[in-house]
Undergrad: 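I am attaching a structure below and will ask some questions about it afterwards.
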2 protein chains.
Amino acid sequence: MATNNPVIQLFDNPTQRKDPVACDSCSLYSLCLPLGLNNHDLQKLDQIIDREQRYQRNDRLFRADTPFTALFVVRSGTFKTTVAASNGREQITGFYFPGEFIGLDAIYTENYQSTATALETSTLCALPFTRLQTLGADIPQLQINMLRRSSKELASDKNLMILLSKNNADARLATFLLSLSARFQERGFSTTRFRLSMPRKDIANHLGLAVETISRLFARFQQQGLIDVAGKSITLVDLPNLQARCEH
Amino acid sequence: MATNNPVIQLFDNPTQRKDPVACDSCSLYSLCLPLGLNNHDLQKLDQIIDREQRYQRNDRLFRADTPFTALFVVRSGTFKTTVAASNGREQITGFYFPGEFIGLDAIYTENYQSTATALETSTLCALPFTRLQTLGADIPQLQINMLRRSSKELASDKNLMILLSKNNADARLATFLLSLSARFQERGFSTTRFRLSMPRKDIANHLGLAVETISRLFARFQQQGLIDVAGKSITLVDLPNLQARCEH
DNA sequence: CGCGCGTTTGACATGACTCAAATGCTGTGG
DNA sequence: CCACAGCATTTGAGTCATGTCAAACGCGCG
């Protein structure tokens, strides 16, 4: 039973947190914007960051088509971004874990392109964009880091496009699970055992599938010995064969 | 017959071109990197640009997984970028028209993430990236423009993701045609009458559909009075109803 | 403890794919 | 200039994966 299993605690529980730490002692430092900045520049960056951002499940961070004021970096928890398709339905364009940037696609239009919502109790750092730009004029490395983050998201979106246009349901779910695994690894967590902070419905939506299909796939993957799911906790049992499923 | 119709000439014929013009007299200036730069900075940028890039149909600009050396801006013609899926199939991740940037997703990894191929005789400007970065340290506006271009592509990729994961074949093709129309409008060309520089096969691939489906859709859209196709030339006859097809 | 939502399971419908073959177009060499 | 080869496009028939609808189940929260 999921409730008996000691599920690895992925993220800080914000209610137990101390005051948010400055960049130089943040565990996400190596994934984040300050990487490679000297002490002097880092201090200047530190001063413009708002670390007091805290959100509960279903709280909205920003709405699509509202003015772009800040970039956000997740510190703990999970967010999703959604875009309303014209027919009223919604598409989840991304899930965001600690160290990941939300809002990069708003820089061009100067309006947020999606609505960002917390999937659980979460915290983040807000980077006011005009101040970031001002700072960037003096700190080239900062601009480079932003461009690199944007480039990284661009590359991973291209992969998602391929997934959605070329692959069947098996491959989509397998790829999704392995992508989570890889992202957790970057953050020093287990690659094989983690908690799915999003409901099945959201996974289905993100992968362009029906909830029922996701449910059936979880059941079949488990039966085939690829994974072990119980509610929100999941263990990737057979990584090589899961990898094999990512094709077609 | 397509051959009798005077199809609007979208792009310069490179064989008739004069020497490539400098940025300040380039017709793509307002869409491109120099936008907002002062004369002095523009001159410095001008000096690092290689304008002698010319490619024939099927020529490769770069291959995936080779070192990232330069960003490219299309000056005339069309390019496509493809990624090889692990099972050997290819996915076309984008088409690129004059004024559009190729290679932005390579900045993070420092390797090209896709293979870029000319769809017809085409020319482009090459921007050596290390020199661009050096220049960027002195010209903040240049960095901002790059970030903005990257952000723009990010936003349009998110839209494509939605298209691929949520929409049926009708909506995919309608959206694709209207997206071409909008991009041609930005460049001062007709929004309703243009040439499809890519073969059906490539449209199908890009939209995650079979060639046969595209062919049937063109036939049906024409029968329904939405469009008028003859070979590579197409007229969008009923924009409002085409727009309506973009849903579902 | 009970309600409600998230999840699972089953039966059936259908849109798009695959395979197959005809037709049309383009570029090339005689 | 014409004929031909090869590729692109169109059209048809049948299959299958995934969606839709419906209903049962069970976990978690109040």
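We name chains A, B, ... by the order of the sequence lines, and we start the count at 1 in each one.
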Undergrad: Rounded off to whole Å, could you give me the CZ-to-P distance for the B:Arg89 and C:dT18 pair?
TA: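 Going from B:Arg89 (CZ) to C:dT18 (P), I get 8 Å.
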Undergrad: Axis-to-axis angle across the helix from C:dC1-D:dG30 to C:dG30-D:dC1, five pairs an end, to 10 degrees?
TA: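 Nearest ten degrees gives 50° for this helix.
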Undergrad: So which nucleotide from D:dG12, C:dT9, C:dT7 ends up closest to the side chain of B:Glu212?
TA: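 My answer, after comparing the listed nucleotides, is D:dG12.
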Undergrad: In whole angstrom, give the distance that lies between atom CZ of B:Arg200 and atom C1' of C:dC25.
TA: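 Rounded to the whole Å, the gap is 12 Å.
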Undergrad: Does either side chain, that of A:Thr93 or that of A:Ser114, offer a donor lying less than 3.5 Å from an acceptor on the other one?
TA: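 Result is no, nothing qualifies.
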Undergrad: Please name all residues satisfying side chain to side chain contact (heavy atoms under 4.5 Å, CB included) with B:Thr191, sequence neighbours left out, ordered by chain then number.
TA: B:Ser181, B:Gln185
Undergrad: Could you state the atom-to-atom distance from CG of B:Leu196 to P of D:dA8 in whole Å?
TA: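 Atom-to-atom, B:Leu196 to D:dA8, this comes out as 15 Å.
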Undergrad: Measure distances between side-chain N and O atoms of A:Arg216 and base N and O atoms of C:dG10, and say whether any donor-acceptor pair falls under 3.5 Å.
TA: yes
Undergrad: Taking only residues two or more places apart in sequence or in another chain, which ones pass side chain to side chain contact (heavy atoms under 4.5 Å, CB included) with A:Thr115?
TA: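 By the side chain to side chain contact (heavy atoms under 4.5 Å, CB included) rule, A:Thr115 matches A:Arg60, A:Arg63, A:Ala64, A:Thr82, A:Thr117.
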Undergrad: Can you tell me the distance, in whole Å, between the CG atom of A:Asn205 and the P atom of C:dT7?
TA: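 Whole-Å distance recorded here is 13 Å.
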Undergrad: For A:Asp170 and D:dA17, give me the distance from atom CG to atom P, rounded to whole Å.
TA: 10 Å
Undergrad: Looking at the side chain of A:Lys232, which of C:dT7, D:dT20, C:dC17 is the nearest nucleotide?
TA: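 Nearest nucleotide to the side chain: C:dT7.
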Undergrad: In Å, rounded to the nearest 0.5 Å, how long is the span from CD1 of B:Ile92 to CG of B:Asp202?
TA: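 Reported to 0.5 Å precision, the distance equals 3.5 Å.
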Undergrad: Report yes if a side-chain nitrogen or oxygen of A:Thr213 is closer than 4.0 Å to either non-bridging phosphate oxygen (OP1 or OP2) of D:dA17; otherwise report no.
TA: no
Undergrad: What integer distance in Å separates A:Glu120:CD from C:dG6:C1'?
TA: 17 Å
Undergrad: Between C:dA16, C:dT7, D:dT18, spot the one nearest the side chain of B:Leu209, thanks.
TA: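 Of the candidates, C:dA16 comes closest.
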Undergrad: Tell me: CG of A:Leu217 to P of C:dT9, nearest whole Å?
TA: 12 Å
Undergrad: With a 6.0 Å cut-off on ring centres, are A:Phe72 and A:Phe79 close enough?
TA: no
Undergrad: Any idea which of D:dT20, D:dA8, C:dA16 is nearest the B:Lys201 side chain?
TA: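 It is D:dA8.
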Undergrad: State whether the side chain of B:Asp238 and the backbone N or O of B:Gly225 hold a donor-acceptor pair below 3.5 Å, judged by distance alone.
TA: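 Not a single qualifying donor-acceptor pair exists.
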Undergrad: Go through D:dT20, C:dT7, D:dT10 for me and flag the one nearest to the A:Ala210 side chain.
TA: D:dT20
Undergrad: How would you label the contact of B:Ser215 with the nucleic acid (heavy atoms, under 4.0 Å): base, sugar-phosphate, or nothing?
TA: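 Contact class for B:Ser215: base.
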Undergrad: B:Leu164 CG to C:dA16 C1': how many Å, rounded?
TA: 15 Å
Undergrad: So B:Phe62 and B:Tyr112, would you call those rings parallel, tilted or perpendicular, with 30° and 60° as cut-offs?
TA: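 The rings of B:Phe62 and B:Tyr112 lie parallel, inter-plane angle below 30°.
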